[in-house]
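Positions are given from 1 along the sequence. Quick caveat: nothing in here was measured; it's all calculated off a predicted structure. Each ligand, and each atom within it, is numbered from 1 in the order the structure gives.
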Amino acid sequence: MDRLKVNIGKLELRNPVMTASGTFGYGDEFTDFIDLSRLGGIFVKGTTLEPRQGNDYPRMAETASGMLNSVGLQNKGVDYFLSDIYPRIKEYDTHMIVNVNGSTLEDYVACTEALADLDKIPAIELNISCPNVKEGGMIFGISCTSAANLVKAVRKVYDKTLIVKLSPNVTDIAEIALAVEAEGADSVSLVNTFLGMAIDAEKRKPKLSTVTGGLSGPCIKPIALRMVWQVYKAVKIPIIGMGGISNWKDAIEFILAGSQAIQVGTYNFINPTVSVEIVDGILEYMDRHNIDSINDLVGKLDY
Ligand code: SIN
């Protein structure tokens, strides 16, 4: 299985297939369906310094080939994570990576510090791209200066693998990727959701309590793929690609566009075994094309 091994910063993954934050709980919700040790890693639910209630309901709406969410980072806070969640997930035989959020720079730094010494959390994903909160989140991710300042501050307190999750709601995503790379990010993950909205025409009302929300699912795949390709041409650090991946072919497309690894998100809600099916499909593809190592495919788009 060494053929599937990839590296992201100091992290060695047994394969490039991981699950995206907010779509896979803490992993335990999926143990009836799949063997978690078959995954390269699991990005757990977005975590903040303090508990958050999230936004009012309704905060989900189905769209053509996708969904909108405006969850608003509902979680019980980092202390609860340490006391109640970490002890039960730390034995999983895969990399458990925490998605870190905050309203202020100080929040992000404090949340990161709380996680920094946990043996079984080898990396964090700094989420500068949540479009569903009034403070923090995407606000940090849509300007090079604020993204760079945040990464610089977090880098000072965190020496394990630092992955920065980028927003697609920008004019030039490569610029933001370059700004966070310059401040010491080990990797960028992209893309988070696209800001969108849905309307109930009969009621003349928005379908989400927050009016706007984040669009994900197969409908965003072509745009996400384009952004991965643009970032791949700009940065040297490894890219974790995501955005509408629903089968092994999508995963291979993201790898050819420049992703060292991928995350499966919204499709986990439709097919809870899709992530391991993607691992199997990638291997079959490699056999058919006589590829010895998955690394030989990264960015190998022929154009
Ligand atoms: C949310 O909790 O609102 C979604 C998280 C995200 O988009 O990063």
Side-chain angles (χ1 to χ4, degrees), residues 18-26 29 42-63 66-78 80-81 85 97-104 107-108 111-112 123-142 146-147 150-151 154 162-170 173 176 180 185 187-198 206-217 219-220 223-224 227 240-245 263-269:
M18 301 186 276
T19 54
S21 172
T23 67
F24 207 73
Y26 294 97
E29 295 85 343
I42 295 173
F43 287 73
V44 305
K45 176 89 191 87
T47 302
T48 50
L49 189 60
E50 305 292 343
R52 291 181 63 107
Q53 299 278 352
N55 293 321
D56 289 343
Y57 292 89
R59 53 190 197 183
M60 296 277 208
E62 227 175 294
T63 68
M67 62 173 265
L68 284 159
N69 92 81
S70 66
V71 172
L73 297 173
Q74 178 182 352
N75 78 102
K76 292 185 173 171
V78 74
Y80 182 86
F81 177 82
I85 296 171
I97 300 169
V98 179
N99 178 282
V100 170
N101 295 268
S103 301
T104 63
D107 281 357
Y108 277 97
C111 190
T112 302
I124 59 164
E125 183 181 55
L126 197 66
N127 188 356
I128 58 168
S129 44
C130 175
N132 303 326
V133 287
K134 291 198 182 84
E135 293 166 340
M138 189 176 90
I139 301 193
F140 281 103
I142 55 175
S146 54
L150 181 60
V151 172
V154 169
L162 175 58
I163 301 160
V164 181
K165 187 168 187 177
L166 302 183
S167 171
N169 300 301
V170 292
I173 195 166
I176 311 277
V180 303
S187 168
V188 281
S189 57
L190 61 140
V191 295
N192 204 329
T193 54
F194 288 78
L195 195 62
M197 65 187 278
K207 289 191 178 174
L208 299 174
S209 71
T210 47
V211 184
T212 62
L215 181 66
S216 61
C219 57
I220 70 167
I223 321 178
M227 290 185 160
I240 303 172
M242 79 191 96
I245 294 176
Q263 291 180 21
V264 185
T266 302
Y267 223 78
N268 290 311
F269 299 132

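Contact analysis puts G72 in contact with ligand 1, with a non-hydrogen atom separation below 4.0 angstrom.
One N or O on the side chain of Y108 and one on the backbone of N127 form a donor-acceptor pair closer than 3.5 Å. Proximity of a side-chain donor or acceptor of N75 to a complementary backbone N or O of L73 within less than 3.5 Å is detected.
Of all atoms in ligand 1, numbered sequentially from 1 with element shown, those under 4.0 Å from a heavy atom of P131 are 7 (O). Counting the atoms of ligand 1 from 1 in the order shown, those under 4.0 Å from a heavy atom of N132 are 1 (C), 3 (O), 4 (C). Heavy-atom proximity to N192, at under 4.0 Å, picks out these atoms of ligand 1: 6 (C), 7 (O), 8 (O).
Among all protein heavy atoms, the one lying closest to atom 2 (O) of ligand 1 is L73 N, 2.7 Å. With respect to atom 4 (C) of ligand 1, the closest heavy atom belonging to the protein is N69 OD1, 3.6 Å. Regarding atom 8 (O) of ligand 1, its nearest protein heavy-atom neighbour is N127 ND2, 2.8 Å.
Using modelled atom types and a 3.5 Å distance limit, the side chains of N55 and S209 yield no donor-acceptor pair.
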After noting the C-alpha distance and the side-chain angles of S129 and N192, does the key distance pass the side-chain hydrogen bond (donor to acceptor under 3.5 Å, both in side chains) rule?
CA-CA 6 Å; S129 44; N192 204 329; 3.0 Å; yes
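Put simply, the residue from I163, T19, V98, T23 that forms a side chain to side chain contact (heavy atoms under 4.5 Å, CB included) with F43 is I163.
Residues G141 and V170 come closest through the heavy atom pair O-CG1, 3.8 Å.
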